[in-house]
Structure formats: C-alpha cells, structure tokens
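Working notes, beginning with the structure itself.
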Amino acid sequence: PLVLFLASSGVLQDTLISLLRAAAWQAAGPVNTVDILFGDVLTSYARPLGDIDRVLVAVMLGESVGRGDGSESLAGAVLGCLPFWVRLRQCLAELSESGGHARHLLNAIKYGTAFPALLLPALGLTRAAVVAQLVNLAALIAWDLVCDWELIGRRRPGKSHLPQLHKVVLVTAGLLLRAMVLVRMV
C-alpha cells in the first residue's frame, strides 16, 4: 500500500528525478531545495554506501566480511564519497549562481575536504589520513561557527539566536563528537 501511495502521489517520481539530477554534473543551472535536501540525506548514508562492497561479497560468497582490522576497501571508500560529490557539485553550482557568496564557498570546502578523509585510509596512508581528517574537522568546525551557530560573522535578521553560552556548549559537544571519529583512526 505504501509503495502504491508513493507511486501515485508522485513522491517516488520526484525522488527519482532528484536522484538523477543530483548524480549528474550540472555546472550551470539552478539547484533547488529538494535537490539540496536529497543531497543532505544522501550524505547521512555515506557509511552504509561504503559498506556495499562488503555486503555484496558476503552475499555472493556466503562469507561474513567484517571490519575487524579497521581497514577500508577502496571500492567502499569511493562509494562512500558519492554523496559528498553530490553535495560538492550542488555547492559549486550555488557558488556560481550567487556570484561567489562566502557561505557557499565554505560549504564547498566542507564537502571537498571529505574526499581525502575518506580515500586516504583506504589507500593505507594512515598519517596522511589523519591530516586529512584534521583538515575536514577544521572545515566542519568553521561551518558550524560561521553558518550553523553564527558565532563568527554577521547574523541573519529574523533568525532565532540562542544565548551565547548555550551555543558554545552545543558547538563544544559537536566538536567532541566529531573528534571521536578522528581518535578512532589513530
């Protein structure tokens, strides 16, 4: 019943169109809100996408393929990069449309720094991977401080602002959670 509803309501068709639009490189042309939301949701699935190669091997060979040694496969890392490619493409298109707005540039840097952070561990370049993770972490923190929490730079009018102390606590918690990923690599 749910599939029939989705098919009849056009939601499924819109989702497929967004997927095709998001996966294609469109240097010119507007990026609509649905595409951005779809790209953001897709980035949440980067880790599961990176595991698809292991799942396929397990299904085809009937063997369990774990991550016991913490290693990453190159195929899995490339698949995990696809959502970030989609968002990077969208950010670059928005950067072009906006005439170089700093918010879109910072967003593009945030997604662009994810590639080395995902690919270098799969290539076995541990020290370079740690540096790439640090650079990506710095880009994420910069995004949080400037765009999400607006602790640095000017604030958008009409946007609700938490008291500074609450923002600092939330940013610190976010920083600690993100740093835990880096510590796991070392």
Side-chain angles (χ1 to χ4, degrees), residues 11 14-50 77-121 128-183 185:
V11 171
D14 290 345
T15 302
L16 290 174
I17 289 170
S18 288
L19 175 61
L20 293 172
R21 219 182 359 239
W25 177 265
Q26 299 172 345
V31 178
N32 62 45
T33 304
V34 173
D35 292 340
I36 293 170
L37 292 174
F38 183 76
D40 280 342
V41 168
L42 205 54
T43 58
S44 299
Y45 289 99
R47 174 57 77 182
L49 281 171
V78 169
L79 286 171
C81 284
L82 289 178
F84 297 100
W85 168 255
V86 168
R87 283 298 289 131
L88 177 61
R89 187 220 40 97
Q90 292 171 343
C91 294
L92 292 174
E94 288 180 312
L95 182 63
S96 175
E97 291 171 22
S98 72
H101 192 275
R103 178 181 183 88
H104 301 302
L105 177 61
L106 190 55
N107 210 8
I109 291 169
K110 177 179 77 170
Y111 288 109
T113 58
F115 296 109
L118 291 168
L119 293 172
L120 291 174
V130 170
V131 171
Q133 286 284 342
L134 285 171
V135 170
N136 184 243
L137 182 62
L140 292 168
I141 292 167
W143 174 263
D144 284 348
L145 293 175
V146 174
C147 298
D148 280 350
W149 299 105
E150 295 181 345
L151 288 173
I152 298 172
R154 61 172 204 234
R155 297 178 176 177
R156 287 181 281 176
K159 185 174 179 184
S160 171
H161 298 288
L162 295 172
Q164 289 294 103
L165 179 61
H166 289 103
K167 286 184 178 183
V168 171
V169 168
L170 291 171
V171 168
T172 303
L175 171 62
L176 291 174
L177 289 172
R178 289 182 172 142
M180 286 172 40
V181 173
L182 180 62
V183 169
M185 286 184 64

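The first residue in the sequence is number 1, and the count goes up from there.
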Closest approach of [X] to [Y] (non-hydrogen atoms, all atoms of both residues):
X: Thr113; Y: Ala139; value: OG1-CB, 3.7 Å
X: Gly39; Y: Val86; value: CA-CG1, 4.2 Å
X: Ala128; Y: Leu120; value: O-CD1, 3.5 Å
X: Leu95; Y: His101; value: CD1-O, 3.4 Å
X: Ala108; Y: Leu92; value: CB-CD2, 4.0 Å

Derivation of the side-chain contact (heavy atoms from CB on, under 4.5 Å) call for Leu37 and Val41: CA-CA 6 Å; Leu37 292 174; Val41 168; 5.5 Å; no
Identify which one of Ser96, Ser98, Cys91 satisfies the side chain to side chain contact (heavy atoms under 4.5 Å, CB included) criterion when paired with His104.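 Single pass found, and it is Ser98.
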Say you draw a straight line from [atom1] of [X] to [atom2] of [Y]; how long is it, rounded to the nearest 0.5 Å?
X: Asn136; Y: Ile109; atom1: CG; atom2: CD1; value: 11.5 Å
X: Leu134; Y: Ile141; atom1: CG; atom2: CD1; value: 9.5 Å
X: Tyr111; Y: Thr43; atom1: OH; atom2: OG1; value: 5.0 Å
X: Leu140; Y: Gln133; atom1: CG; atom2: CD; value: 9.0 Å

Does the pair Cys147 and Asn107 meet the rule for a side-chain contact (heavy atoms from CB on, under 4.5 Å), with working shown? CA-CA 9 Å; Cys147 298; Asn107 210 8; over 6 Å; no
Under a 4.5 Å cut-off applied to non-hydrogen side-chain atoms, are Trp143 and Arg103 in contact?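 In short, these two side chains touch, coming nearer than 4.5 Å.
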Side chains of Val135 and Pro116, heavy atoms from C-beta outward: is any pair under 4.5 Å?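 Side-chain contact under 4.5 Å: no.
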I'd like to know if the side chain of Glu97 reaches the main chain of Val31, judged simply by a donor and an acceptor atom lying under 3.5 Å from each other, with no hydrogens or angles considered.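 Judged by distance alone, yes, a pair lies under 3.5 Å.
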